[in-house]
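Below: the structure, in structure tokens.
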Amino acid sequence: MHDCYTIYTRPHSHHNSTMPELPEVETVRRGIEPILLGQTIERVQIRRPDIVRLSPNQTPTPSRPSQRQRAAALLAGKTVQSLERLGKQLLIVADSGQCVCVHLGMSGSLRSPPHISPGKPKSATGTGRSSKPSHRTNLSRSSRSHLSPHTHIVWHLTNGHRVMFTDPRRFGGIWTYPDHATLIANRWSKLGPDALVATPAQIRPKLQRTTRPIKAVLLDQSVVAGLGNIYVDETLFTARIHPLTPANLLSSLQIRKMVTAWHHILAQAIKAGGSTLRDYVNATGDPGWFQIQHQVYSRAGQPCVRCKRPLDKLTVAARTTVCCTKCQPMKFRRGSD
DNA sequence: AACACCGCCTGAGCGC
DNA sequence: TGCGCTCAGGCGGTGT
């Protein structure tokens, strides 16, 4: 056995690496659910207070909440009742009704390192896997605690387990609310339907009232929640839609194909993540979804899997975009062309 | 109201 | 090989 059961970790190489999107967040949710559900949080370690944004009514002095107020908002002393997800956002709900909304941003992760029972010595790694040694320095100390300089929050459970929020780039964050209704009113009401269950009927009206490029619209979390750069590119390739197509020009058939495509792609990625979670996470920390072959993302210049022509790279909505202009033609000619 | 754009961050990867 | 530069990107906030 390897020495660290990692519920979720990011791949270390940038080249094929991905920011956490919906499948990764769902994998995290399923991973920490058995650890957190019904458990009481004994204390919360807050190593970077500014990563946590309290709801205004959770502190009398919003500008400078006390350590105690922050810990209370992060469910110190509370029992976890459920774990929810909407799009890329994860929600921890306590039996008090309090909610902690976690956003992983670009580089965030939630990990639950193994609980080491006091009397039982840890066995050395025994698999024949020949992996390069961990890049972590000072393995004996920092690796055992699983803390990195970028571990901002640690929840300590009464059962001895820990859940840690780590986010080197700090594009992510944690938002706390006194109850579910406040979370909805202040945050989740701004999101569209979750991508996993969104229907063409829900999406269509939102597309018809804008001429923005379809890619920009799909990245907009208020239209559909959970799609990011990778999955939008993959979706549009599968549905054979050019990313610059004005959203209002898409046919009903195209919209249906598009929604079906992302359902399928997201489900595949979750399945891969889930299967890896069941087995374990390999020594390099690559979760299962990492093994998924992307058809276009990060493949600019490489041959299109469909027509073998080099894939095109362009910028849409200030995002790097890869597509095959042959396989993803503009369905309609635009006036300015 | 709808939309564009800025700035926040760090590490991977590249060129020299 | 090593150093420093560029790029990547979700999204909250601000400006048009």
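Predicted model, so just to flag it, every value in this text is computed and none were measured. Below, chain A is the first sequence line, B the second, and so on; all start at residue 1.
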Whole angstrom value for the distance that separates [atom2] of [N] from [atom1] of [X]:
| X | N | atom1 | atom2 | answer |
| --- | --- | --- | --- | --- |
| A/Glu24 | C/dG9 | CD | C1' | 14 Å |
| A/Asp167 | B/dG11 | CG | P | 11 Å |
| A/Met106 | B/dA12 | CE | P | 13 Å |
| A/Leu218 | C/dG10 | CG | C1' | 15 Å |
| A/Glu21 | C/dC11 | CD | C1' | 13 Å |
| A/Lys190 | C/dG12 | NZ | C1' | 10 Å |
| A/Arg319 | B/dA4 | CZ | P | 12 Å |
| A/Phe171 | C/dC7 | CZ | C1' | 12 Å |

Looking at the base of C/dA8, is there any donor atom on it, or on the side chain of A/Arg169, that sits under 3.5 Å from an acceptor on the other one? yes
Just checking, is any N or O donor in the side chain of A/Thr40 or A/Thr79 under 3.5 Å from an acceptor N or O on the other one? yes
Just by distance, with hydrogens left out, do A/Gln89 and A/Arg187 show a side-chain donor and acceptor under 3.5 Å apart? yes
How would you label the contact of A/Arg53 with the nucleic acid (heavy atoms, under 4.0 Å): base, sugar-phosphate, or nothing? nothing
Applying a 4.0 Å non-hydrogen cut-off, can you work out what A/Lys313 is touching in the nucleic acid: base, sugar-phosphate, or nothing? sugar-phosphate
Which of the following nucleotides, [options], is nearest to the side chain of [X]?
| X | options | result |
| --- | --- | --- |
| A/Arg170 | C/dG9, C/dG12, B/dT10 | B/dT10 |
| A/His103 | B/dA4, C/dC11, C/dA8 | C/dC11 |
| A/Thr320 | B/dC3, C/dC11, C/dA8 | C/dA8 |

Can you tell me if [X] touches the phosphate of [N], counting only side-chain N or O atoms and a distance under 4.0 Å to OP1 or OP2?
| X | N | answer |
| --- | --- | --- |
| A/Thr210 | B/dC3 | yes |
| A/His150 | B/dG11 | yes |
| A/Tyr297 | C/dG9 | yes |
| A/Gln221 | C/dG10 | no |
| A/Arg212 | B/dA4 | yes |

Ion pair A/Glu26/A/Arg29, N-O distance below 4.0 Å: yes
When you measure from the side chain of A/His152 to the backbone N and O of A/Asp167, does any donor-acceptor pair fall under 3.5 Å? yes
Treating Ile, Leu, Val, Met, Phe, Trp and Tyr as nodes and any side-chain heavy-atom pair under 4.5 angstrom as an edge, say whether A/Ile41 and A/Ile32 lie in one connected cluster. yes
